[in-house]
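Some notes on the structure that comes next.
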Amino acid sequence: MRLPRLKKKRRSLLVDLRHRAEYAAFRLFACLLSVLTVPQTIRFAELIAGILTARPLRRPARYDVAAENLRAAFGDELTEPQINETIRGMWIHLIRMVVEIVQLPRKMTLTNCREVIVFRNRAPVLQALCSGRPVFILGGHFGNWEVSTATFGMFGFPLGIVARKLDNPYLHRWFFESRQQTGHVLYDKRGGTKEMIELLEAGGNLGLLCDQDAGPRGLYVDFFGRPASTFKSIALMALQYRAILVVGYGIRLPDDPDARWVRYEIGCEEVIDTLDFDHSRDSLNDITQRYSSALERAVRRAPEQYFWVHRRWKSQPGDTAKTRRARKREAA
């Protein structure tokens, strides 16, 4: 009886050591990234992106998923060279975003926010946030969503940020504390329902990514001309608590060689008032379709800043466990 316990304890110790090593490596890497200037960050991102997209070195599975998604989303609008360039731009964006997240606490403050951000369509967002009703700030795997949420916290509109808990507890705590610096609270996507309900009942606001695959039981709506399984819970909660939905984004603007800071456009693509809907299934469909369509319009503003390797269309209508396994084997 003692031997299995010893093995379990040893496994637990090894996992903890691995998590600590990952965290130490991350903090060391973050220290190096924190001193990069904007031109150095661009050159670093271009170098890494060039390696990731070089034909002999790139990971075929990830590249193929991104290319397939772009072909399906844009059809004849993009040529193959443009698809390749968009994928390269996506990696440059993601690498730059990592650097920007690390540098965010010292690069973006109330004293320099006018140099860092412009806010498109700001008035309806402020009107929603000052309405006294809960507001859902909806975004996707697009642009720099950390800059977007930090902006709301900085100006006195804290959010409950809904996200999946990271497997590494030390990394999770780092991200948790970094978001708390601007007044936000982090809720676990898989276990924070009670806290979310308490926040909504108190008239608080939620920040959510609305472009995650919901599996075969999700609500299928159109996203870039393809059925995409989407969580019903966003529309359900919004209807129940009479919330206002704000679909927004935060994209990096073209680089200015004379600027000291990276500049972003924080924008509101659409505001959806749930008081305009009843509690029928049609309303669930209509609300979910409206915010999905709004996110699509936002992505079209800067497609290279969308995470195209994200398996947004993993589930398909009529899916069964058997068909999903078969499709997974084909992808492998």
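Judged by distance alone, the side chains of D16 and Y170 do bring a donor and an acceptor atom under 3.5 Å apart. In this model, no donor atom of one side chain and acceptor atom of the other lie less than 3.5 Å apart for S280 and D282. Under 3.5 Å, the side chains of S293 and Q289 contain a donor-acceptor pair of N or O atoms.
Contact check for Y23 versus R27: side-chain heavy atoms found under the 4.5 Å cut-off. Two residues are said to be in side-chain contact when any heavy atoms from C-beta on lie closer than 4.5 Å; W261 and V38 fail this criterion. Contact check for L200 versus L206: side-chain heavy atoms found under the 4.5 Å cut-off. By the 4.5 Å heavy-atom criterion applied to side chains, F152 and I137 are counted as neighbours. In this structure the side chain of V162 reaches within 4.5 angstrom of the side chain of M196, judged on heavy atoms. Inter-residue side-chain proximity for L236 and F231 is flagged as unmet; no heavy-atom pair is nearer than 4.5 Å. In this structure, L104 and I101 have side chains that are not in contact, with every pair of non-hydrogen atoms separated by 4.5 Å or more. Proximity of R96 to V262: side-chain heavy atoms (C-beta onward) are separated by under 4.5 Å at one or more points.
Among residues two or more places apart in sequence or in another chain, the salt bridge (charged side-chain N to carboxylate O under 4.0 Å, His left out) test is passed with E80 by R71. Under the ring-ring contact (aromatic ring centres under 6.0 Å, His included) criterion, H141 pairs with W145, H310, sequence neighbours left out. Under the rule for a side-chain contact (heavy atoms from CB on, under 4.5 Å), the partners of A302 that lie at least two apart in sequence or sit in another chain are F142, I251, E304, Q305. Looking at residues two or more places apart in sequence or on another chain, you find a salt bridge (charged side-chain N to carboxylate O under 4.0 Å, His left out) between D167 and R164. Taking N168 as the reference, E22 meet the side-chain hydrogen bond (donor to acceptor under 3.5 Å, both in side chains) condition, with sequence neighbours excluded. For the salt bridge (charged side-chain N to carboxylate O under 4.0 Å, His left out) test, no residue two or more places apart in sequence or in another chain qualifies with E115. For Y291, there are no side-chain hydrogen bond (donor to acceptor under 3.5 Å, both in side chains) partners at least two apart in sequence or on another chain. Not counting sequence neighbours, the partners of R297 by the salt bridge (charged side-chain N to carboxylate O under 4.0 Å, His left out) test are E269, E270. Checked against side-chain hydrogen bond (donor to acceptor under 3.5 Å, both in side chains), R43 has no partners two or more places apart in sequence or in another chain. In this structure, D76 has no side-chain contact (heavy atoms from CB on, under 4.5 Å) partners at least two apart in sequence or on a different chain. With sequence neighbours excluded, no residue forms a side-chain hydrogen bond (donor to acceptor under 3.5 Å, both in side chains) with Q240.
With values rounded to the nearest 0.5 angstrom, T86 atom OG1 is found 5.5 Å from L70 atom CG. With rounding to the nearest 0.5 angstrom, the CD1 atom of I95 is 8.5 Å from the CD1 atom of I51. Atom SG of C210 and atom CD1 of I234 lie 5.5 Å apart (nearest 0.5 Å). Here the straight-line distance linking atom CG of L239 with atom CD1 of I287 works out to 4.0 Å at 0.5 Å rounding.
Summarising the geometry of R226 relative to N69, their closest heavy-atom pair is NH1-OD1, 3.6 Å, with the distance given to 0.1 Å. Closest approach of S229 to R312, counting heavy atoms only: O-NH1, 2.8 Å. Taking each heavy atom of C113 and F155 in turn, the nearest pair found is SG-CZ, 3.6 Å. Here the closest heavy-atom approach between residue T274 and residue A243 is recorded as OG1-O, 2.6 Å. Nearest heavy-atom pair, L32 versus V35, reported as atom, atom and distance to 0.1 Å: O-CG2, 3.1 Å. The minimum heavy-atom distance linking A235 with L284 is given by the pair CB-CD2, 3.6 Å.
Each of E146, R252, H93 was compared with E100 under the side-chain contact (heavy atoms from CB on, under 4.5 Å) criterion, and only R252 meets it. The salt bridge (charged side-chain N to carboxylate O under 4.0 Å, His left out) test with D273 singles out one residue from R290, R133, R242, and that residue is R133. Applying the side-chain contact (heavy atoms from CB on, under 4.5 Å) test between V299 and each of F307, Y306, Y249 identifies Y306 as the sole match.
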Task: Residues V147, M108; criterion side chain to side chain contact (heavy atoms under 4.5 Å, CB included); working and verdict - done: CA-CA 9 Å; V147 168; M108 181 175 162; 4.1 Å; yes
Task: Derivation of the side-chain hydrogen bond (donor to acceptor under 3.5 Å, both in side chains) call for S283 and D286 - done: CA-CA 5 Å; S283 292; D286 291 345; 5.4 Å; no
- [ ] For the pair I161 and V185, evaluate side chain to side chain contact (heavy atoms under 4.5 Å, CB included) and give the outcome as yes or no after the intermediate values.
- [x] CA-CA 6 Å; I161 305 294; V185 178; over 6 Å; no
- [ ] Show the numbers, then the answer: is there a side chain to side chain contact (heavy atoms under 4.5 Å, CB included) between R173 and L166?
- [x] CA-CA 9 Å; R173 185 169 60 199; L166 298 180; over 6 Å; no
- [ ] Before giving the answer on side chain to side chain contact (heavy atoms under 4.5 Å, CB included), spell out for D255 and R263 the whole-Å C-alpha distance, their side-chain angles and the decisive distance to 0.1 Å.
- [x] CA-CA 7 Å; D255 293 302; R263 301 187 73 243; over 6 Å; no
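Counting Ile, Leu, Val, Met, Phe, Trp and Tyr side chains that sit under 4.5 Å apart, directly or through other members, L253 shares a hydrophobic cluster with V118.
Remark: aromatic rings of F74 and F224 are close, center separation under 6.0 Å.
Hydrophobic clustering, with ILVMFWY side chains joined whenever heavy atoms are under 4.5 angstrom apart, keeps L209 apart from V221. Following chains of ILVMFWY side-chain contacts shorter than 4.5 Å, one cannot reach L47 starting from I92, and the two form parts of different hydrophobic clusters. Side-chain heavy atoms closer than 4.5 Å link hydrophobic residues (I, L, V, M, F, W, Y) into clusters, and following such links, even through other members, never connects V99 to L28. L110 and I117 fall within the same hydrophobic cluster, where Ile, Leu, Val, Met, Phe, Trp and Tyr residues are linked whenever their side-chain heavy atoms come under 4.5 Å apart, directly or through other members. Y241 and F277 fall within the same hydrophobic cluster, defined by Ile, Leu, Val, Met, Phe, Trp and Tyr side-chain heavy atoms under 4.5 Å apart, directly or through other members.
For NZ of K165, the number of neighbouring non-hydrogen atoms (other residues, nucleotides, ligands) closer than 6.0 Å is 12 at most. By the neighbour-count criterion of 12 heavy atoms within 6.0 Å, atom CD of Q82 is densely surrounded, having more than that number from other residues, nucleotides or ligands.
Using a 4.0 Å cut-off between charged side-chain N and carboxylate O, R300 and E77 make a salt bridge.
Within the 3.5 Å criterion, the main-chain N or O of A228 finds a donor-acceptor partner in the side chain of T230. A donor-acceptor pair under 3.5 Å is formed between the side chain of D213 and the backbone N or O of S315. Although no hydrogens or angles enter the test, the distance criterion places no donor-acceptor pair under 3.5 Å between the side chain of N144 and the main chain of G250.
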